[in-house]
2 protein chains.
Amino acid sequence: MATQHPPAPHDSTADDAPAQACPVTPVLDIVFSRWTTPILWTLHHYGRQRFVELNRNVGTITAKVLTQRLRQLERDGLVVRTYHPEVPPRVEYEISELGLSLAPLFAALTNWSEEHLPEVERARTAFDAANT
Amino acid sequence: MATQHPPAPHDSTADDAPAQACPVTPVLDIVFSRWTTPILWTLHHYGRQRFVELNRNVGTITAKVLTQRLRQLERDGLVVRTYHPEVPPRVEYEISELGLSLAPLFAALTNWSEEHLPEVERARTAFDAANT
DNA sequence: GGGGTCGGTTTCCTGTAGGTACCTAATATC
DNA sequence: GATATTAGGTACCTACAGGAAACCGACCCC
């Protein structure tokens with residue numbers, strides 16, 4: 001599960017600790033593990049949706065992976081799953097209040113993207129040009 | 001290289017496009033691909049460092065992966081590599097100005113972490129308790 | 001001439017994320 | 001009775017990221 005970033009947490013004994021102390025690491029596994037941002041974004045953009053809708057609206061994700069990610073997001077309290085025991089079963093997903101609290105973070109992200117992405121682009125072409 | 005998030009970019013034709021249009025996706029590959037945050041954090045925390053120092057200061061990363069990530073970060077313009085053609089070669093890495101522009105983003109991240117991580121913790125234990 | 005240092009590079013090997021395909025229960029429709 | 005539907009679950013397989021270890025060149029020390 002915690003395969004995305006450095007291995008062991010740490011007892012946070014201040015300064016001899018290397019980058020495990022990097023304070024953002026745990027958040028990344030929660031919010032920025034693969035597919036989670038597109039899912040959250042889709043839920044935020046289209047509102048509450050059932051499984052198949054979500055499956056269509058998020059890009060090319062397969063049903064298996066979608067359920068995996070949704071379980072994780074549900075476990076972390078970022079999305080709410082409501083199951084209706086009807087005859088063709090109906091399940092709806094929506095963003096939780098905790099999930100909505102990520103909004104400023106996403107805003108900061110898009111903001112940085114708008115301001116600095118072209119600069120990254122330029123750096124890349126310059127780098128590639130320098131290494132013929 | 002772009003293995004972390006949804007497949008193809010998109011010509012951004014507004015509304016029929018699904019989650020590829022998620023505006024944060026490209027930034028994630030740049031800033032939040034594996035090991036990049038610990039590296040950036042270490043460079044920011046300890047200042048300019050040479051390769052072996054960095055290798056020690058970032059947690060358990062291997063030299064191979066460290067060079068890969070540093071190349072990527074250099075190419076994206078987030079770190080600056082200075083090579084001194086001395087006898088035991090000396091190479092120093094430091095955060096670029098563009099890299100420093102990520103500071104508010106990291107701040108937002110740590111801020112969210114401090115405010116909401118316990119809530120995630122609670123959600124997890126509640127979820128695990130509900131699924132005996 | 002043997003060993004050490006620095007900044008990598010190369011080769012080999014493995015774990016695992018993720019894809020494909022097929023299965024289910026319960027009903028409704030044809 | 002055949003077929004479709006929903007929300008997944010399961011088995012199998014593959015690709016690739018990343019770890020381990022050996023190697024390198026140019027010089028220094030001993």
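These numbers come from the heavy atoms of this one structure, side chains and all, not from hydrogens, waters or symmetry mates. In what follows, every chain begins at residue 1, and chains take the letters A, B, ... in the order their sequences are listed.
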Euclidean distance, atom CG of residue L73(A) to atom C1' of dG8(D) [Å, nearest integer]: 16 Å
Rounded distance [0.5 Å steps], NE2 in H45(B) versus CG in L43(B): 12.0 Å
Which nucleotide in dG7(C), dG19(D), dG9(D) has an atom nearest any side-chain atom of V65(B): dG19(D)
Protein-nucleotide distance (I61(A), atom CD1; dG19(C), atom P), rounded to Å: 7 Å
Rounded distance in Å - OH (Y83(B)) to P (dG8(C)): 9 Å
Short side-chain N/O contact to dA7(D) OP1/OP2 from R81(A), under 4.0 Å: no
Spacing of L54(B) atom CG relative to dG8(C) atom C1', expressed in whole Å: 13 Å
ILVMFWY network linking F106(A) to V31(B), side-chain heavy atoms under 4.5 angstrom: yes
Rounded interatomic separation in angstrom, taking CD from E53(B) and P from dG8(C): 13 Å
Closest to the K64(B) side chain, choosing from dG18(C), dA7(D), dT11(C): dT11(C)
Donor-acceptor side-chain pairing of R69(A) and Q72(A) below 3.5 angstrom: yes
Listed nucleotide nearest any side-chain atom of T62(B), set dG7(C), dG19(D), dG19(C): dG19(D)
H84(B) NE2 - dC27(D) C1' separation (whole Å): 18 Å
Between CZ on residue R48(A) and OG1 on residue T82(A), distance to nearest 0.5 Å: 6.5 Å
Interface residues of residues 86-93 of chain B with DNA chain D (non-hydrogen, below 4.0 angstrom): V87(B)
Rounded distance (Å) that lies between atom C1' of dG9(D) and atom CG of L66(A): 14 Å
Side chain of R71(B) (C-beta onward), nearest among dG18(C), dA7(D), dT9(C): dT9(C)
Rounded distance (Å) that lies between atom C1' of dT6(D) and atom CG of L70(A): 15 Å
F51(A) to A63(A) - nearest heavy-atom pair and separation: CZ-O, 3.7 Å
Could you list the donor-acceptor pairs under 3.5 angstrom formed by side chains in residues 85-100 of chain A, with sequence neighbours left out?
| residue | atom | partner | partner atom | Å |
| --- | --- | --- | --- | --- |
| E86(A) | OE1 | R90(A) | NE | 3.2 |
| E86(A) | OE2 | R90(A) | NE | 3.2 |
| E86(A) | OE2 | R90(A) | NH2 | 2.7 |
| Y93(A) | OH | R81(A) | NE | 3.3 |
| S96(A) | OG | G77(A) | O | 2.6 |
| S96(A) | OG | L78(A) | O | 3.1 |
| S96(A) | OG | L98(A) | N | 3.3 |
| S96(A) | OG | G99(A) | N | 3.0 |

A108(B) versus A108(A), closest heavy-atom pair with distance: CB-CB, 4.5 Å
Short side-chain N/O contact from R50(A) to OP1 or OP2 of dA7(D), under 4.0 Å: yes
